Amino acid sequence: QVQLAESGGGLVQPGGSLRLSCEASGSFRSIYVMGWYRQAPGKEREVVGTVTSSGTTTYKDSVKGRFTISRDNAKNTVFLQMNDLKPEDTAVYYCSARRTALSNTSWGQGTQVTVSS
């Protein structure tokens with residue numbers, strides 16, 4: 001089992017930046033992949049970015065060049081650096097983790113990101 005705790009959300013003006021953090025805890029040897037998802041009101045949850053234990057990353061097309069996902073394997077922490085934020089980035093952001101390729105995905109409680117002037 002993996003417990004995830006997100007932090008770093010808040011209110012920011014368009015063009016601003018935020019850095020989200022997610023620390024994993026529980027009983028596990030390692031985590032294969034960690035990621036960030038987001039869900040806006042009335043919309044489906046969508047992937048923002050993922051990063052494997054080896055450092056391979058993926059991104060939603062609309063955030064490429066603006067967001068950067070990274071992880072500290074020793075600290076079991078994943079980060080999402082968000083730059084040039086836009087109103088359409090407003091959503092609840094969820095951290096995710098999968099211990100192995102065959103494991104179920106664990107989810108954090110979510111942190112609100114609001115981009116507004």
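Throughout, numbering of the chain's residues begins at 1 and tracks the sequence. Note that the structure is a prediction, hence the values are computed from the model and not measured.
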Does Q109 reach the side chain of L4, with side-chain heavy atoms less than 4.5 Å apart? no
pair K86-R66: side-chain heavy atoms closer than 4.5 Å: yes
Determine the minimum heavy-atom distance between A24 and M34, stating which atoms define it. CB-CE, 4.2 Å
Distance (rounded to the nearest 0.5 Å) between L11 CG and S117 OG: 10.0 Å
Side chain to side chain donor-acceptor pair (under 3.5 Å) with S17: which residues, sequence neighbours excluded? N83
Working to the nearest 0.5 angstrom, can you tell me the gap between T105 OG1 and R99 CZ? 10.5 Å
Work out which heavy atom in A40 is nearest to a heavy atom in A91; give both atom names and the distance. N-CB, 3.8 Å
CZ/F28: more than 12 non-hydrogen atoms of other groups inside 6.0 Å: yes
Would L18 and V113 satisfy side-chain contact (heavy atoms from CB on, under 4.5 Å), going step by step from the backbone distance to the final call? CA-CA 9 Å; L18 283 174; V113 172; 3.9 Å; yes
When rounded to the nearest 0.5 Å, the distance separating OG of S27 from CD of Q3 is 7.5 Å
If you link ILVMFWY side chains whenever their heavy atoms are less than 4.5 Å apart, which other residues fall into the same cluster as V47? By chain and number, please. Y37, V92, Y94, W107
Quick one: are W36 and C95 in side-chain contact, heavy atoms under 4.5 Å? yes
Does E88 have more than 12 heavy atoms from other residues, nucleotides or ligands lying within 6.0 Å of its CD? yes
Would you call R19 and F79 a side-chain contact if the rule is heavy atoms closer than 4.5 Å? yes
Any Lys/Arg nitrogen of K60 or E46 sitting under 4.0 Å from an Asp/Glu carboxylate oxygen of the other? yes
Does Y32 belong to the same Ile/Leu/Val/Met/Phe/Trp/Tyr cluster as V51, with side-chain heavy atoms less than 4.5 Å apart forming each link? no
Under 4.5 Å between side-chain heavy atoms, counting indirect links through other Ile/Leu/Val/Met/Phe/Trp/Tyr residues: same cluster for L80 and V115 or not? yes
Measuring from T114:OG1 to Q13:CD, what's the distance to the nearest 0.5 Å? 13.0 Å
When every non-hydrogen atom of Y93 is compared with those of F67, the smallest separation belongs to OH-CE2, 4.1 Å
Short side-chain to backbone donor-acceptor contact, E6 and T111, under 3.5 Å: no
When you measure from the side chain of R38 to the backbone of T90, do you find a donor-acceptor pair of N or O atoms at a distance under 3.5 Å? no
If you measure from the Lys or Arg side-chain nitrogens to the Asp or Glu carboxylate oxygens, is any gap between K64 and D61 under 4.0 Å? yes
Using a 4.5 Å cut-off on heavy atoms from C-beta on, say whether the side chain of V78 contacts that of I69. yes
Using modelled atom types and a 3.5 Å cut-off, is there a donor and acceptor pairing between side-chain atoms of T77 and backbone atoms of K75? yes
T57 vs T50 side-chain heavy atoms within contact, under 4.5 Å: no
Trace of the side-chain contact (heavy atoms from CB on, under 4.5 Å) decision for R71 with I31: CA-CA 11 Å; R71 64 186 286 177; I31 299 177; 3.6 Å; yes
Using a 4.5 Å cut-off on heavy atoms from C-beta on, say whether the side chain of S53 contacts that of S30. no
